[in-house]
Amino acid sequence: MAYNHTSTEKKWQRYWLENKTFRALDPAEAGKMPKKYILDMFPYPSGSGLHVGHPEGYTATDIVSRYYRNKGFNVLHTIGWDAFGLPAEQYAVKTNTHPRVTTAANITKFRQQIRMLGLSYDWDREVDTTDPKYYKWTQWIFLQLYKSYFDPFDNKAKPISHLVAELENDNLVVAPDGSIHINPVSEGMQAISGDVEAYRKWGSYTPIEQRGILDGQRLAYTDEVPVNWCPGLGTVLSNEEVIDGKSEVGGFPIERRPLRQWMLRITAYADRLLADLDALNWPESLKEMQRNWIGRSIGAEVDFEIDGRDDVITVFTTRPDTLFGATYMVLAPEHELVDQITTNEARAQIAAYRHGSQGKSDRERQQDTKDKTGVFTGAYAVNPLNDQKIPIWIADYVLMGYGTGAIMAVPAHDERDFEFAKKFDLPIKHVVRPAKGAADQSKAFTDIGVSINSDFLDGLPTAEAKERMTEYLEEEGVGHKSINYKLRDWLFSRQRYWGEPFPIVLDMMGNHFAIDEAELPVTLPEIEDFKPTGTPEPPLGKAKDWIQYSDDLRRETNTMPQWAGSCWYYLRYIDPNNGAEMVEESKERYWMPVDLYVGGVEHAVLHLLYSRFWHKVLFDLGHVSTAEPFQRLVNQGMILGETEFHFFESSAGAVSASEISNIAEEVTDEGPKLAGIHKTTGEKHYTTRVIEQLVEKKGDKYVLRANNEVAVDARSFKMSKSRGNVVNPDDIVEEYGADCFRLYEMYMGPLEAQKPWNTRDIIGMWRFLNSVWRNFIGEDEARVTLTGGHANDEIDRMLHRTIKKVSEDIESLRFNTAIAELIKLNNEIAKLTAVPQAVAEVFALLLSPFAPHIAEELWLRMGHTESIQKAHWPHYDAAKLIDTTIELPVQINGRLRDKIQIIADADEQMIFDLVEASAKVKPWLDGKEIRKRVYVPGKMVNYVVG
RNA sequence: GCCCUUGUGGCGGAACGGCAGACGCUACGGACUUAAAAUCCGUUGACCUUUAUCGGUCGUGUGGGUUCGAUUCCCACCAAGGGCACCA
């Protein structure tokens, strides 16, 4: 009987489920077994189900998990659902279905699809972020953040009760702005300038002031921040969800408006998030993305006095060495001093400009970066170095959220300042020259060089000049060294229904209080109507009874963003049913950190940064034992749609792709299309797709078969519904089986590489599996009896080489080459008239991580009664890897001229003698002088002649 | 603009200082078959030479360099993909 994938796969999937074959053992049960924690990125169960990209990473981790189980490891490998989120809620609004209903249906579909792939998850550990038993602990973690502050002296989070104690015993004092400092008296310090008395002891503040001071220190705090408010959707949106001032979904207008929001103080961890990246085994590119996102820059803050006023404007600069070149100053339009310094003459213009920028989103303000705008305030600042007066402007190009919201403009050495100065005819003063050659005066010189026109800095290279200037500023008391980050605190609240409620209540004054941990979870109220209210009041506001917590306390009605649940799910997998703790300590210590984490690169700076942040807070507070959650992380490459061929067309007919520049995808009425600009006419051209058969390769490009003059654009696109190139895994599994699908996905190329799907290629893996079946079972089960005894030497050597290669390849995630090796071995076995049982068993084991269903079936028919997953991974015998004779390539001047057969342990002289006796080599040596003989043991021989 | 990644046959890819193209697909030829499917065998980078073999030349995006030897290491450039983008 030929191999029937459908019945075999169903049978084993049922067996695994019923027997809990992949159950991970708790540490007490595991004894001395070493552990591996192998993690897949948390899927969002969307309505459209799995696409072929999901199983790529899942199959990779599944192979690794199965391999380590066979190697005797206790493996934790499971799955769960990141099930809160906007798509389900949008659908709920549209159809008036409860999001819980659609979410449950989606999870059922995902679970069924994932089981169909034969993935070796421990299904007893499945979690769902929308389950109150799960989000109880999401809320609990939020409370830990709420009840903690960041101690900058120890560089870690501590309970806020510790801060209170330090304030109460006057080790710490509070400045008028609410900032907290070491008591200068207890430190034995005198104030350098200013008054020590400005710092006040804790006891001198009123209880209301004390509350404000503490709330200002929490890791979870509220703040009034300008957000993208979308009245049409009734929610705030992130910058990513806003395109050209309109919502990405529905195209509703966006307003900037300040709203009270929950924020998480991730910026306190910027340094540690940055520093700890170094030790992680992650792709360098991903680490780089996180570094860029954190955006640490070192510079100085410099105080400029305002001419004729008692105020100071502090600017941040990364180039203190260019301070002598500052010819004007720019404040962000919303800077607090603008109103006070603006002169009467300038007032109307300033007001108009500020009004204009207020309505714009951050994105809009950053759109036209070339065309600078701004207005002069009429006021002047004084350069602290030389008392020179420079005009103060306001302009959109300075952002309130970065640095101090004010800059000193050095047009000679900053591109933005240069453009601005050119436009408004402001002076440009050169204070740095290139180390070599002359500067191009038509643009800003932004590189490092040597200081000029800068008094005491003259002649110093930029690095030294920066240091010298910073020292000088500190000596003079007009500035100091400063570090800034691009990273902003995490805006943590959403005006949505389908998210975790905050475990927070508010009094009439708007003061917030933590709900007692014993009262968790705070469950979502049932509400009938999911439509937006049209005001910033979240949908939870409609649950009137739920809101009223007590006579004078009402509940927080915002919900948490989708990222909350996925920040810590890997901890819950360890102890998923624990009702008393987030995770039990001994289990956490046993399993953490995650040994291998595989997922797409799209989570590089959101999920992966957020969860590192939460993990570090939990670490500081003693709830987890490692500083980092994910030791080794690998990004699977995206699987693209099948390669498409397009040529460009104008009214005049086909146009060669080589004539077109700026080729990019464009969304048209007929769906996404490629468009480009004709290099000479400038006319816009759209593409027409052609099938592969109408195209041929000519030189290094494709052309139309019918007209070789027309070059064709060949590329693969991201799979998308609108493009219609999505491949559904269900179809592939039905036709070829899960084993075949898994093999194909792994055989496409390296895991990390981006690669195009090609349905035509699947047949190769299909043939391979059928050949395996024929080799061990036979077309009519004729070969079901395997022979005893040993394999011949050649097969035996090959077998051991394959064990070595497959083992090493799995450990380094090179599945494509491991499969190639299995195919080679199978091709050799196919030539045998009788297959020894020993060979067959090893082959089945080597195949089992990749194609587990067929491997189980083979294993069973070879006479085993237990799952192949319980068997031991084969060892290879190093002695069997060594050939007695080897073939040695012989090169003359680096070119291959002959190959010689020789015993493996031949010495150099024997080899040279043999080479020089070779008839093929002789003509290349005749009449030439042998200058050098190179022998690389076991590899090759090279003669240098001349 | 800045940062990162990737360029190897008709296609996916392998080799990552030592025989370029493993393995799979496609295509072509052959065997089996009444026929088809399936299966099996062979050929499949380009060019030159040859009846064929044998043999030779070129060839890993382009141009340089290091080396006995470079797809691999270094420099510059080009192209594609991704990220960031007025971050002072």
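Lettering of chains follows the sequences in order, A, B, ..., and the numbering in each one begins at 1.
Using a 4.0 Å heavy-atom cutoff across all strands shown, A:Lys920 reaches sugar-phosphate atoms only and no base atom. Across all strands shown, A:Asn827 has heavy atoms under 4.0 Å from sugar-phosphate atoms exclusively, and none from any base. Among the atoms of the strands shown, only primed sugar atoms or phosphate atoms (P, OP1, OP2) are found under 4.0 Å from some heavy atom of A:Ser297. If you check every strand for non-hydrogen atoms under 4.0 Å, A:Arg931 touches nothing. Within 4.0 Å (heavy atoms only), A:Trp282 reaches no atom of the nucleic acid at all. Among the protein residues, A:Ile763 comes within range of the sugar-phosphate backbone only, with heavy atoms under 4.0 Å from sugar or phosphate atoms but none that close to a base.
Look at B:U67: it lacks any Watson-Crick or wobble partner with both distances under 3.5 angstrom. Across every strand in view, B:A79 sits in a pair with B:U6 that passes the Watson-Crick or G-U test at under 3.5 angstrom. In this entry B:U43 has B:A27 as its Watson-Crick or G-U wobble partner, both defining distances falling under 3.5 Å. With a cut-off of 3.5 Å on both Watson-Crick or G-U wobble distances, the partner of B:C84 is given as B:G1. Applying the Watson-Crick and G-U wobble criteria (two distances, each under 3.5 Å), B:U53 pairs with nothing in any strand. For B:U33, there is no paired base (Watson-Crick or G-U wobble, both distances below 3.5 Å). In a base pair of the Watson-Crick type (N1 to N3 plus N6-O4 or O6-N4) or a G-U wobble (N1-O2 and O6-N3), with each distance short of 3.5 Å, B:A22 is matched with no nucleotide.
Counting distance only, with no hydrogens placed and no angle test, the side-chain atoms of A:Tyr747 and the base atoms of B:C23 include a donor-acceptor pair under 3.5 Å. The base of B:C23 is not paired with the side chain of A:Lys824 by any donor and acceptor separated by under 3.5 Å.
A side-chain donor-acceptor contact under 3.5 Å links A:Lys429 to the backbone of A:Phe324. Formation of a donor-acceptor pair under 3.5 Å by the A:His480 side chain with backbone atoms of A:Ala300 is not found in this model. Not a single donor-acceptor pair under 3.5 Å links the side chain of A:Asn758 to the backbone N or O of A:Glu642.
Annotation for A:Asn725 and A:Ser720: closest pair OD1-N, 2.9 Å, computed over non-hydrogen atoms.
Taking atom CD of residue A:Glu288 and atom C1' of nucleotide B:C2, one finds them 11 Å apart after rounding to whole Å. Between A:Lys831 atom NZ and B:U39 atom P the separation is 17 Å, expressed in whole Å. Summarising the geometry, the separation between CZ on A:Arg742 and P on B:G24 is reported as 21 Å, rounded to the nearest angstrom. Put simply, CH2 on A:Trp757 is 14 Å from P on B:G13, counting in whole angstrom units. B:C3 atom C1' lies 15 Å from atom CG of A:Leu277, rounded to whole Å. If you take CD1 of A:Ile819 and P of B:A14, they are 12 Å apart, rounded to a whole angstrom. Taking atom CZ on A:Phe912 and atom C1' on B:C68, their separation rounds to 11 Å, with Å as the unit. What separates CD of A:Glu696 from C1' of B:C11 is a distance of 15 Å, to the nearest Å.
Salt bridge A:Glu828/A:Arg797: absent, no basic N to carboxylate O contact under 4.0 Å. Comment: A:Lys804 does not engage A:Glu821 in a salt bridge, judged by the lack of any side-chain N to carboxylate O separation of less than 4.0 angstrom.
Between B:C58 and B:C75, the distance separating the two P atoms is 28 Å to the nearest Å. Straight-line distance between the P atoms of B:A20 and B:C4: roughly 33 Å, to the nearest whole Å. B:U60 sits 10 Å from B:U72 when the C1' atoms are compared, rounded to a whole Å. B:U44 and B:G24 have their P atoms separated by 15 Å, with the value rounded to a whole Å. Taking the C1' atoms as reference points, B:G65 lies 11 Å from B:A70, given to the whole Å. The C1' atoms of B:G56 and B:G7 are separated by 30 Å, rounded to the nearest whole Å. On the C1' atoms, B:U50 is 32 Å away from B:C40, given to the nearest whole Å. For B:G21 and B:G59, the C1' atoms lie 11 Å apart once the distance is rounded to whole Å.
Mapping A:Tyr485 and A:Glu821 onto RNA chain B by nearest heavy atom places A:Glu821 closer to the 5' end of the strand. Each of A:Pro750 and A:Met408 lies near RNA chain B, and the nucleotide nearest A:Pro750 is the one positioned closer to the 5' end.
Phosphate proximity of B:C68 to A:Tyr935: absent, as no side-chain N or O sits under 4.0 Å from OP1 or OP2. Residue A:Asn292 has no polar side-chain atom (N or O) positioned under 4.0 Å from OP1 or OP2 of B:A85. Contact annotation: A:Ser285 does not reach the phosphate of B:C3 (side-chain N/O to OP1 or OP2, under 4.0 Å). In this model, the phosphate group of B:C25 is approached by a side-chain N or O of A:Arg767 to a distance below 4.0 Å at OP1 or OP2. Using a 4.0 Å cut-off, some side-chain N or O of A:Arg774 falls inside it from OP1 or OP2 of B:C40. In terms of phosphate contacts, A:Lys939 brings no side-chain nitrogen or oxygen within less than 4.0 Å of OP1 or OP2 of B:G17. Contact check, A:Asn816 against B:A14: a side-chain N or O comes under 4.0 Å of OP1 or OP2. One finds a side-chain N or O of A:Arg897 lying less than 4.0 angstrom from the OP1 or OP2 phosphate oxygen of B:G56.
A ring-centre distance under 6.0 Å is not found for A:Trp924 and A:Tyr943. Under the 6.0 Å cut-off for aromatic ring centres, A:Phe424 and A:Trp393 qualify, their centroids lying closer than that.
Out of B:U57, B:C84, B:A88, the shortest distance to the side chain of A:Trp293 is found at B:C84. Checking B:C68, B:G10, B:A88 against the side-chain heavy atoms of A:Tyr402 singles out B:A88 as nearest. In the set B:A88, B:G12, B:C11, the nucleotide with an atom closest to the side chain of A:Tyr702 is B:C11. Comparing B:C19, B:A22, B:G81 by their closest approach to the side chain of A:Ala820 singles out B:A22. Among the nucleotides B:C23, B:U26, B:A88, the one closest to any side-chain atom of A:Ile823 is B:C23. Taking the side chain of A:Asn942 as heavy atoms from C-beta on, and the options B:C23, B:G18, B:A88, the nearest nucleotide is B:G18. Of all nucleotides listed (B:A88, B:C19, B:G18), B:C19 comes nearest to the side chain of A:Pro889. The side chain of A:Val936 lies closest to B:G18, out of B:G18, B:G10, B:G12. Checking B:G13, B:G81, B:A15 against the side-chain heavy atoms of A:Lys755 singles out B:G13 as nearest. Listed nucleotides B:C23, B:A14, B:C58 differ in distance to A:Arg895; the shortest reach to its side chain belongs to B:C58.
Judged by a 6.0 Å distance limit and a 45° cone about the ring axis, A:Lys372 is not positioned over the six-membered ring of A:Phe420. The cationic atom of A:Arg723 (NZ for Lys, CZ for Arg) lies less than 6.0 Å from the six-membered ring centre of A:Phe717 and within 45° of the ring axis.
For B:G9, the base is syn relative to its sugar; the glycosidic angle is within 90° of 0.
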